[in-house]
K.L.:
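One structure, pasted below without further comment.
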Amino acid sequence: MSSAQQVVKRAKYKTTVKDPGTPGVLKLTREKFVFKPNDPTSKNKLEADFRLIKNHKHTKEGSNKPPWLNLAHSQGSYIFEFESFSDLHISRELVGSALSKHVEPSKVVSDEQLSASEMTLRIKLLQEDSKLQKLHKELVASGKLTESEFWATKKKLLDQDESRKLKQRIGFKNSLIFDTKPTSDGRINQVKFQLTPEIKYQIFTLKPAVHQAFRSFVPSKMSEVDFWNKYFRAEYLHSTKNAIAAAAEAAEDEDLAVFLKDDEILENEARKKIRLVDPTLDMEADQGDDYTHLPDHGIFRDGSKETSEAQNTLYRRTLLQDLNRQSEVVLEGKTLDTDMEHPKTVAEVLARRNQRFDGVIEEERRIRISKMTPIDDLQAQDDHAFAPLCIKDPRDYFDFQQANAVKPLDNSPAAKLKTRSNLGYEEAYGSLRESISNIKTMGLRDPLLSPDVAFKVLTGLTKNISSTKSNLGKSSQESVLDILPSATKEKLLDNWVCSQELLKHFWSSYPVTTQSLANKARRLKDAISQIYAKLEEIKVSSQSDLRHQVSLVVHPMQQALDAALLHYEADLGKRNAKGSKPNGYV
Amino acid sequence: MSPAPSKNYTDDVSLLVVTLDTNPFFWSDFPSHFSDFLSQVLAFLNSILLLGQLNQVVVIATGCNSCSYVYDSSSNKNHASTNGTMPALYSNLLHNLDEFIAKDKQLTTAHEPGNVPSSLLSGSLSKALCYIQRAFRSGPMHPQPRILCLQGSPDGPEQYVAIMNAIFSAQRSSVPVDSCYIASSNSSNSAFLQQASYITGGIYYKPPQLDGLFQYLSAVFATDLHSRAFLRLPKSLGVDFRASCFCHKKTIDTGYVCSVCLSIFCEHHDKCSTCSSVFGQAQSVAASTDNRKRKAE
């Protein structure tokens with residue numbers, strides 16, 4: 001049978017199909033197979049591990065081929081010719097089970113294949129947190145959970161650490177592209193500009209007009225090369241600081257004029273920004289105080305103070321403008337995620353981004369204005385502040401409810417009332433109204449309360465208040481857990497953490513849809529029943545005067561475990577009861 | 001209510017909204033008489049008004065079919081039927097209460113004899129909060145509001161959601177809910193009122209000696225919010241934080257919680273009844289029925 005640990009058969013070993021074969025004895029075990037030729041001098045001795053075998057093939061009974069078993073390994077295959085097909089079948093079964101056995105564990109290993117960094121991270125986390133380490137030892141080392149299962153619920157911890165080493169993002173380059181200085185070799189009348197995709201991108205973001213021109217001109221009106229030629233011609237004209245020449249060139253070539261004129265889009269934006277300024281601030285009125293717009297106070301590009309005719313100022317740019325624009329873009333600090341090889345796509349992406357912006361700004365302005373000019377009559381009263389909804393701190397919560405642990409909760413207020421309610425509603429309402437008319441006619445009870453009742457109430461209240469004060473101090477000594485000796489307390493807490501972890505895993509493995517989940521649930525059920533037994537042991541072994549308290553603490557833990565065990569049994573029963581297993585269930 | 005901006009409200013002026021349990025089935029079974037209880041409460045209300053000229057008292061009756069305002073000390077209609085034998089407060093309140101009970105009785109539908117209807121605490125809490133919200137909006141200076149629940153009948157778990165909503169809205173408006181739970185047996189407590197007082201920072205107290213109710217009321221619940229900071233008032237131990245399930249309105253210890261909307265259920269459901277989220281197992285069940293259908297074809 002296939003369960004046999006070892007099969008020994010007479011067979012011929014062939015290196016190839018054509019090979020006549022060496023007769024001998026083939027011995028198969030679950031780990032390896034050994035072939036011993038009958039002729040001891042033959043070199044065709046063979047001993048191989050099943051681990052090296054990739055797969056196995058065999059010839060079919062009834063085909064005209066002899067009973068061959070073909071075991072393929074990485075370099076070739078071993079072929080054995082058996083004496084009969086029954087021999088072949090027996091060997092094949094063993095080979096099959098041996099191979100599947102070797103395949104399975106390798107799969108599990110690959111499941112848990114971790115990068116070294118992940119591994120060190122886990123080790124670090126364990127070292128930092130002794131409680132986690134304890135839990136890990138308890139659950140993983142004892143085989144109750146696998147390593148990956150354990151960490152699956154601790155993803156948050158792993159991620160947290162991951163986020164700590166977030167990479168720094170690359171911002172916008174801070175170099176002034178306005179200063180892409182032409183290089184000239186000095187011999188011929190020619191200047192060269194350097195242009196990289198990155199510089200193109202910088203140009204697009206810094207000069208929206210160029211960006212727009214690029215989108216409208218290329219490739220419909222001119223090629224990309226022509227476009228950049230024009231652009232740099234304009235740049236060159238700027239760099240010569242000859243405003244008159246620039247104006248002349250612009251008059252000749254309207255495409256060139258686009259680059260030479262001040263950026264209209266930028267101006268629009270500047271106007272928009274001015275509108276963002278506090279509406280109560282009058283910029284125009286303040287302009288009288290400002291002297292920089294007067295001639296000779298503007299600092300022109302590269303510090304030159306050239307003054308020329310007013311009509312040519314259009315073609316002049318100041319260093320201040322350039323610097324402002326540059327710093328603005330740098331502060332916006334946006335980089336494109338797309339690759340910068342194709343200026344066309346870069347231009348598209350930029351255009352889309354800018355569109356999104358405009359609507360938002362208008363909205364903001366409106367909100368700002370409405371905030372700046374409040375009309376008192378129309379304002380809603382917001383003098384009543386709302387307290388935030390709060391969940392109080394857990395310690396407080398525990399203090400307030402822990403008295404319930406000591407006394408049984410009364411579970412059935414309704415049931416209690418059932419026994420008493422024997423009056424019909426007519427009588428009930430009748431007696432109520434009678435009481436009211438009683439007071440109406442008789443007045444209040446006189447005296448309202450007798451002196452000895454008053455005294456009783458006073459002493460009762462005093463006692464109550466002083467006792468709750470001592471019971472509910474901030475000292476943690478008062479919780480049930482703290483009455484217990486520290487060893488018991490530690491043990492209880494450990495078991496508590498452990499059972500919580502197990503329960504978390506247990507419930508997360510439902511619904512059971514795969515065999516591995518079923519295995520996990522079974523494994524966890526066993527672990528849970530172990531913990532259950534441990535808790536029982538603690539309960540029994542505690543000192544008699546503390547036994548009550550211990551059982552009070554243990555009770556809810558056992559309840560939770562009970563629920564899990566019950567669910568396991570019920571689920572198992574349900575799954576077994578189903579004759580035909582529906583899809584997805586194991 | 002007439003807003004009076006000229007009044008100089010200081011921090012110790014109270015607006016006390018009292019909810020009065022008038023569940024006839026509770027009172028008819030209760031060992032001490034409703035008239036005894038009422039006379040102690042009336043004396044207490046009077047003493048609140050006497051504590052400060054600007055103090056305001058509103059009483060809401062909590063029946064088992066309806067609830068209604070039965071007294072408002074700031075109302076103008078109060079001086080109608082004073083016959084000299086009794087302060088206006090008493091006669092007005094008693095008159096309205098009598099009317100209310102008569103109305104409540106008409107609303108009664110037949111119920112099984114074993115099943116006692118609980119009082120509509122959620123309704124009267126909401127009414128109290130509405131009144132308080134109006135006070136908040138009456139002007140920049142308003143009295144300090146608080147709610148006092150005089151409750152005797154057991155909790156109606158079916159009101160759980162409504163009551164919790166009222167509690168949280170009281171907490172959000174910083175209105176403390178004091179509760180005085182009147183019950184003959186020592187062990188029973190009202191989980192709703194315990195939670196209400198715990199969450200809103202009010203006082204929960206269950207007087208052990210009912211014939212001294214007036215003294216408890218005046219000693220524990222009469223102090224205004226400002227003075228409470230200087231007093232040591234009884235603290236409740238053993239707040240019952242258990243919730244009611246949304247499906248059968250049962251009070252439960254452990255249950256299922258919808259992972260999407262946090263609704264509580266006592267048993268497993270395929271779908272959340274509150275937010276209609278489909279829970280995990282339901283999908284595979286659906287798949288299995290699909291599968292069976294396919295097999296049948």
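Bear in mind the structure is a predicted one, so any value in this text is a computation, not a measurement. Worth knowing before you read on, the calculation uses all heavy atoms, side chains too, and leaves out hydrogens, waters and symmetry mates. Per chain, numbering begins at 1; letters A, B, ... match sequence-line order.
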K.L.:
Any chance you could measure A:S431, atom OG, to B:F25, atom CZ, to the nearest 0.5 Å?
P.N.:
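Spacing of OG (A:S431) from CZ (B:F25) equals 10.0 Å.
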K.L.:
Quick one: do B:D211 and A:L449 satisfy side-chain contact (heavy atoms from CB on, under 4.5 Å)? Show the steps, please.
P.N.:
CA-CA 7 Å; B:D211 45 359; A:L449 63 169; over 6 Å; no
K.L.:
What part of B:A219 is in contact with chain A, defined as an atom under 4.5 angstrom from a non-hydrogen atom: side chain, backbone, both or neither?
P.N.:
side chain
K.L.:
I'd like to check the side chain to side chain contact (heavy atoms under 4.5 Å, CB included) partners of B:D36; sequence neighbours left out, ordered by chain and number.
P.N.:
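Here the qualifying residues are A:R445, B:H33.
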K.L.:
Checking B:K105 now: which residues fulfil salt bridge (charged side-chain N to carboxylate O under 4.0 Å, His left out) with it, not counting sequence neighbours?
P.N.:
A:E426
K.L.:
So, applying side-chain contact (heavy atoms from CB on, under 4.5 Å) with B:V220, which one of A:N464, A:I465, A:L461 is it?
P.N.:
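Exactly one option meets the side-chain contact (heavy atoms from CB on, under 4.5 Å) with B:V220, and it is A:L461.
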K.L.:
Sort out for me which of B:F37, B:F34, B:W27, B:Y90 touches chain A most, counting heavy-atom pairs under 4.5 Å.
P.N.:
B:F34
K.L.:
As an exercise, state the distance from CZ of A:R433 to CG of B:L94, rounded to the nearest 0.5 Å.
P.N.:
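Interatomic distance, A:R433 CZ to B:L94 CG, rounded to 0.5 Å: 12.5 Å.
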K.L.:
Sequence neighbours excluded, which residues qualify as salt bridge (charged side-chain N to carboxylate O under 4.0 Å, His left out) partners of A:D562?
P.N.:
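Expected list: none.
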K.L.:
OG of B:S35 to CD1 of A:I436: how many Å apart, nearest 0.5 Å?
P.N.:
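Between atom OG of B:S35 and atom CD1 of A:I436 there are 10.0 Å.
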K.L.:
If you draw a 6.0 Å radius around NZ in B:K103, do more than 12 non-hydrogen atoms from other residues or ligands fall strictly inside?
P.N.:
no
K.L.:
Which residues in residues 450-459 of chain A have any heavy atom lying under 4.5 Å from a heavy atom of chain B?
P.N.:
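The list, in residue order, reads A:V453, A:A454, A:K456, A:V457, A:L458.
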K.L.:
Counting only heavy atoms closer than 4.5 Å, note whether B:A191 contacts chain A via side chain, backbone, both or neither.
P.N.:
neither
K.L.:
In terms of heavy-atom pairs under 4.5 Å, which option from A:G430, A:G460, A:S435 contacts chain B the most?
P.N.:
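Heavy-atom pairs under 4.5 Å are most numerous for A:S435.
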K.L.:
What distance do A:I439 atom CD1 and B:S91 atom OG have between them, rounded to the nearest 0.5 Å?
P.N.:
12.5 Å
